[in-house]
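Scroll down for the structure; my scribbles are underneath it.
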Amino acid sequence: MTLSLATPYELGGLKLNNRIVMPPMCQYSAIGKDGMPTDWHYVHYVSRAVGGTGLIIIEMTNIEPDGRISDQCLGLWSDEHIPAFARMVEGMQQHGSKVSIQIAHAGRKSTCAEVPVSSSNQAFSDQYKQPRALTTDEVKRMVEQYRDAAVRAVKAGVNSIQLHGAHGYLIHQFHSPSINNRTDEYGDDPTRFGVEVIQAVRSAIPSGMNLQIRVSAVDYGVGGYDVNYGIEVCQKYAAAGVDLLDISTGGGVSVNALPPNIGPGYQLPVARAVKQAIGLPVIAVGLLDEPKLAHAALVNGDCDLVAVGRGMLRDPYWALHALQATGTKPAAPKAYERGYL
Ligand SMILES: Cc1cc2nc3c(=O)[nH]c(=O)nc-3n(C[C@H](O)[C@H](O)[C@H](O)COP(=O)(O)O)c2cc1C
C-alpha cells in the first residue's frame, strides 16, 4: 500500500485508522477550579473524532492542583475525575478515534499555584512567580503522582498515555541543564526525573499499552539546548520505556526566543533528526496544516504520524478534508456521507 495520510498505523496494541493526530491543546475551559472536563471538552473532542482524526491527544491534564497553568486547566488528581474523562473518551472512540492524554505538571509555569515548584528556584521570567525547588522526597512523591494520574486515565479508557516533557513544564524543567541546578541525584543526571516518571507509569499501565513522551528536542534562546542534547534526552527516555516520541521545540527558557525558520513544517528537520538517531516512531507537529505538506512529511520519512493543532481549532473536520485533498475518499460518518460523495 502506498503511504499516505490515509494509511492505517499499528504500533503494539495501538491501531489507528489513519496517520492524523490532534495534538494536546489546553482549552482553559474547566469551570469551578476543580479540573473537571465540561460539556465544552466533550463537544470539542468528540467533534474531532467525527472529523476523522486517527489519534486524539487530550490536552495537558495535571497531576495536582498546583500543577495547572491556570485554575481552568484539567486535572486527574482524584478518582472523582474519572467518570467525566470516561464519557469523553468513550464518545471519541465511538466515532473511530483512538485516544491518548497528556499527563503533566506545569511546575514553575503555574500561574495559579501560590508558590509554584520546580527543579530549582529560578523563575521562568519576571512575569512569572518565583518557584520553590522541590526537596528530593517531594520529587519522588511527584513521580508517584504522575503514575497515579496515568492509572486514572487508563481507568477512564484511554488507548495511550502521553507524558508532557516539552514546552518548559516540569519534566523539561528537570532535563534542562540551565534550569536544573540541583545537587542531589536529580541534578547529577538531569534526565533522571523524566526517566523515573516513565518507568513508574510503564510499570503501572497495562503491559503493551502505548506510552509516549512529548519533548522539546531543541530549546531556543539563552540557556536553551541544541538538537544533539535533545537527542540525548530522547535516548534516555526511549531506553526507559516509551514507544513513541512526539517532537516539538522551545518553551523552556524563553517566551520570546522563536525558531529561526518559523513557517510551514518548521519543526520537521528536528523530528527527522530525532527519528533517525533514536529509531523510535515520531509524531511531527508545527504548521503542518497544508494537507499536501503533511502528506509529504510522512512520505519523505520525516515522521510516522502528523499532528495538526491550530488547523483543527479552525476546522474540526480537518482530517476528512485533508484526506480528500490528498486523494482519498474519506470514511465520513454515515449521517454526513452525502456531504462527501
Ligand atoms: C490553544 C493551544 C493550546 C495548547 N496546549 C498545549 C498543551 O496542552 N500541551 C502541549 O504539549 N502543547 C500545547 N499546545 C501546542 C500544540 O500542541 C502544537 O504543538 C502547536 O500548536 C503547534 O502545532 P500547530 O502549528 O499545528 O498548531 C497548544 C497550542 C494551542 C494553539
Side-chain angles (χ1 to χ4, degrees), residues 5 19-30 35 37 40-41 44-45 48 51 53 55-63 67-70 72-76 85 88 99-107 109-112 146 149 153 160-173 194 212-220 237 242 244-252 255 258-259 261-268 270-271 274 282-291 293-295 297-298 302-303 305-316 318-319 321-322:
L5 292 173
R19 303 294 179 112
I20 301 170
V21 178
M22 179 161 95
M25 284 184 288
C26 289
Q27 296 298 291
Y28 307 108
S29 296
W40 172 264
H41 298 95
H44 167 70
Y45 286 111
R48 274 69 190 176
T53 312
L55 176 68
I56 297 176
I57 307 175
I58 298 174
E59 68 200 76
M60 179 164 176
T61 298
N62 303 289
I63 65 172
R68 293 169 299 169
I69 301 172
S70 76
Q72 289 71 45
C73 293
L74 295 186
L76 259 176
F85 279 90
M88 268 182 351
V99 181
S100 188
I101 182 167
Q102 190 181 53
I103 302 294
H105 192 297
K109 283 182 137 178
S110 172
T111 62
C112 58
Y146 277 90
S160 156
I161 299 285
Q162 177 175 103
L163 297 168
H164 200 346
H167 304 164
Y169 297 107
L170 192 61
I171 293 176
H172 187 161
Q173 290 163 32
Q212 326 170 357
I213 190 163
R214 188 171 235 204
V215 177
S216 290
V218 172
D219 200 8
Y220 311 108
Y237 294 163
V242 294
L244 181 61
L245 294 162
D246 183 355
I247 298 304
S248 187
T249 64
V255 262
L258 293 172
N261 59 338
I262 198 150
Y266 67 100
Q267 294 181 140
L268 286 176
V270 183
V274 173
V282 158
I283 304 175
V285 69
L287 291 177
L288 293 171
D289 39 288
E290 163 50 47
L293 174 60
H295 171 86
L298 273 181
D302 295 330
C303 57
L305 298 168
V306 173
V308 172
R310 288 162 291 179
M312 283 205 198
L313 294 184
R314 289 191 294 276
D315 177 6
W318 188 91
H321 297 152

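In listed order, ligands and their atoms are each counted from 1. No hydrogens, no waters, no symmetry mates; every other heavy atom, side chains included, goes into these values. This is a predicted model, so every value here is computed, not measured.
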**Study point:** With N261 via side-chain hydrogen bond (donor to acceptor under 3.5 Å, both in side chains) - residues at least two apart
**Key:**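 Counting only residues at least two positions away or on another chain, N261 forms no side-chain hydrogen bond (donor to acceptor under 3.5 Å, both in side chains).
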Practice item. State which residues pass salt bridge (Lys or Arg N to Asp or Glu O under 4.0 Å) with D219; sequence neighbours excluded, sorted by chain then number. Key: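 Salt bridge (Lys or Arg N to Asp or Glu O under 4.0 Å) list for D219, sorted by chain: empty.
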Practice item. Name all residues meeting the salt bridge (Lys or Arg N to Asp or Glu O under 4.0 Å) criterion together with R214; count only those two or more places apart in sequence or in a different chain, and write none if there are none. Key: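 D246.
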Point to revise | N/O donor-acceptor pair under 3.5 Å between S216 side chain and G250 backbone | key: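 Yes; at least one donor-acceptor contact below 3.5 Å.
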Point to revise | Exam field: side chain E59 to backbone L74, donor-acceptor pair closer than 3.5 Å | key: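 Here the side-chain-to-backbone pair does not exist.
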Practice item. For the residue pair H167 and Y169, categorise the inter-ring angle as parallel (less than 30°), tilted (30 to 60°) or perpendicular (more than 60°). Key: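 Because their plane-to-plane angle is over 60°, the rings of H167 and Y169 count as perpendicular.
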Exercise for review: Would you please write out the protein residues whose heavy atoms approach any atom of ligand 1 to under 4.0 angstrom, listed by chain and number?
Suggested key: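 If the criterion is a heavy atom under 4.0 Å, then ligand 1 touches P23, P24, M25, C26, M60, Q102, H164, H167, R214, V285, G286, L287, V308, G309, R310.
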